[in-house]
Amino acid sequence: MFNITIFNMEGSNVGEMELEESIFGIIPNESVMHDAVINYQANQRRGTQSALTRGEVRGGGRKPYKQNKIDKSRAGSIRMPHWRGGGVVFAPKPRDYSYRLNRKVKQLAIKSALSSKVQNKEFIVVDEIKLDNYRTKSIVAMLNALGAERKVLIVTPLINNFVFKSANNIPGVETAVADSLNVYNILNCDKLIIAKEAVTMITEMYS
């Protein structure tokens with residue numbers, strides 16, 4: 001266990017909390033984090049690339065000219081791949097690029113990503129991230145108070161539409177719920193701002 005400072009949304013120090021060393025204080029495994037990022041990116045691919053093969057291109061059902069005694073190469077269709085307007089040889093078709101990682105590998109990658117943020121002082125705990133209405137200025141004020149002015153990931157314990165929709169108006173700011181965190185989002189931000197209750201949830205999930 002080790003302690004980390006807790007701030008409020010105004011940027012004031014309001015206390016400390018203990019972080020589980022087995023989750024937030026391990027030596028980051030770069031190889032596993034890389035595997036998790038590649039897995040995330042592969043799973044995001046739509047795989048919709050498609051081209052027409054010779055059998056799918058419209059036309060070409062009739063032999064374009066007779067085969068013998070005309071001093072031309074033999075041709076059975078005007079949609080052959082080497083003819084203009086013809087089909088594509090070994091044409092790409094829609095496919096599923098997704099694959100799964102082992103559960104222990106995913107957990108180690110999450111722990112490594114969180115630990116790297118703590119070690120680089122890019123992990124900011126806020127006592128409560130809450131808004132009572134849609135107000136982007138409140139999120140901007142919080143980011144300025146916490147010194148997070150570039151790419152930021154805001155993590156809350158539950159979906160809060162006031163927070164999420166207000167933050168989505170700010171370029172470079174992403175939001176997430178504690179139980180849906182992934183390694184890509186964690187590593188892709190300069191500052192990770194997380195609610196105290198979300199830290200508790202993560203500790204319980206990965207202990």
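Both backbone and side-chain heavy atoms feed into the values below; hydrogens, waters and symmetry mates do not.
- A91 and T53 get closest at one heavy-atom pair: CB-CG2, 3.7 Å.
- In this structure the side chain of I139 reaches within 4.5 angstrom of the side chain of I154, judged on heavy atoms.
- One side chain, Q67 or K63, offers a donor N or O that lies under 3.5 Å from an acceptor on the other.
- Taking CD1 of I110 as the reference point, atom NZ of K106 lies at 8.5 Å (rounded to 0.5 Å).
- Interatomic distance, M80 CE to R54 CZ, rounded to the nearest 0.5 Å: 6.0 Å.
- Under a hydrophobic clustering in which Ile, Leu, Val, Met, Phe, Trp and Tyr are joined whenever their side-chain heavy atoms come within less than 4.5 Å, directly or via other members, F7 and V14 fall into different clusters.
- At least one side-chain heavy atom of P81 sits under 4.5 Å from a side-chain heavy atom of V89.
- Contact record, A195 with I129: N-CD1, 3.8 Å, taken as the closest heavy-atom pair.
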Would you check, one step at a time, whether the test side-chain hydrogen bond (donor to acceptor under 3.5 Å, both in side chains) holds for T200 with E197? CA-CA 5 Å; T200 304; E197 189 177 343; over 6 Å; no

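- In this structure, CG on L101 lies 12.0 Å from CD on Q107, to the nearest 0.5 angstrom.
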Derivation of the side chain to side chain contact (heavy atoms under 4.5 Å, CB included) call for M9 and V126: CA-CA 7 Å; M9 291 183 66; V126 179; 4.1 Å; yes

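- In the hydrophobic clustering of ILVMFWY residues, with side-chain heavy atoms under 4.5 Å counting as a link, Y134 and V173 come out together.
- Looking only at distances, no side-chain donor or acceptor of N168 sits under 3.5 Å from a matching main-chain atom of I170.
- V105 and M205 are assigned to two separate hydrophobic clusters, defined by single-linkage of ILVMFWY side chains at heavy-atom distances under 4.5 Å.
- Contact record, M33 with P28: CE-CB, 3.9 Å, taken as the closest heavy-atom pair.
- In this structure, N160 and K130 have side chains that are in contact, with non-hydrogen atoms separated by less than 4.5 Å.
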Using side chain to side chain contact (heavy atoms under 4.5 Å, CB included), reason through L19 and V199 one step at a time and then give a plain yes or no. CA-CA 8 Å; L19 293 182; V199 175; 3.6 Å; yes

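- L158 and F164 end up in different hydrophobic clusters when Ile, Leu, Val, Met, Phe, Trp and Tyr side chains are linked at under 4.5 Å.
- Residues Y206 and S22 are not in side-chain contact: their nearest non-hydrogen atoms beyond the backbone lie 4.5 Å or more apart.
- A distance-only check finds a donor-acceptor pair linking the side chain of N182 to the backbone of Y184 [under 3.5 Å].
- In this structure, the side chain of K93 engages the main chain of A51 through a donor-acceptor pair within 3.5 Å.
- Checking side-chain atoms of E204 against main-chain N and O of M201 turns up no donor-acceptor pair under 3.5 Å.
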Please report the C-alpha distance between E16 and I4 in whole Å, then the side-chain angles of each, then the deciding distance to 0.1 Å, and finally whether the side chain to side chain contact (heavy atoms under 4.5 Å, CB included) criterion is met. CA-CA 5 Å; E16 292 186 343; I4 191 169; over 6 Å; no

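- T5 places no side-chain N or O within donor-acceptor distance of the main-chain N or O of G15, the cut-off being under 3.5 Å.
- Atom CG in N133 sits 7.0 Å away from atom OG in S138 (nearest 0.5 Å).
- Taking the six-membered ring where the residue is Trp, the centroids of F24 and F2 are separated by 6.0 Å or more.
- Between L143 and V152 there is a side-chain heavy-atom pair separated by less than 4.5 Å.
- No side-chain donor from either of N29 and S112 sits under 3.5 Å from a side-chain acceptor of the other.
- Put simply, the side chain of N185 does not reach to within 4.5 Å of the side chain of V155, judged on heavy atoms.
- Closest heavy-atom contact between D35 and Y99: O-OH, 4.1 Å.
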Could you check K117 against E122 for salt bridge (Lys or Arg N to Asp or Glu O under 4.0 Å), going step by step and ending with a plain yes or no? CA-CA 5 Å; K117 287 298 174 185; E122 297 172 351; 2.8 Å; yes

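- Side-chain polar atoms of N188 and K151 form a donor-acceptor pair below 3.5 angstrom.
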Would you please test N13 and N8 for side chain to side chain contact (heavy atoms under 4.5 Å, CB included) and show each step? CA-CA 7 Å; N13 186 334; N8 59 20; over 6 Å; no

Test log, rule salt bridge (Lys or Arg N to Asp or Glu O under 4.0 Å), inputs D127 and K196: CA-CA 5 Å; D127 60 346; K196 178 182 176 182; over 6 Å; no

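- S180 places a side-chain N or O within 3.5 Å of a backbone atom of V177 that can act as its donor or acceptor partner.
- Atom OG of S98 is separated from atom CZ of R46 by 13.0 Å, given to the nearest 0.5 angstrom.
- Remark: K72 qualifies as a cation-pi partner of Y65 under the 6.0 Å distance and 45° angle criteria applied to the six-membered ring.
- Residues L108 and I26 have side chains in contact (heavy-atom distance under 4.5 Å, counting atoms from C-beta outward).
- Without hydrogens or angle criteria, S166 side chain to R135 main chain gives a donor-acceptor distance under 3.5 Å.
- When every heavy atom of W83 is checked against every heavy atom of A75, the shortest pair comes out as CZ2-CB, 3.7 Å.
- The distance from the CE atom of M142 to the CD1 atom of I193 is 4.5 Å, given to the nearest 0.5 Å.
- S77 contributes a side-chain N or O that, together with a main-chain N or O of G60, makes up a donor-acceptor pair within less than 3.5 Å.
- At a threshold of 4.5 Å between side-chain heavy atoms, the hydrophobic network of Ile, Leu, Val, Met, Phe, Trp and Tyr places I202 and I6 in one connected group.
- Residues L114 and F123 have side chains in contact (heavy-atom distance under 4.5 Å, counting atoms from C-beta outward).
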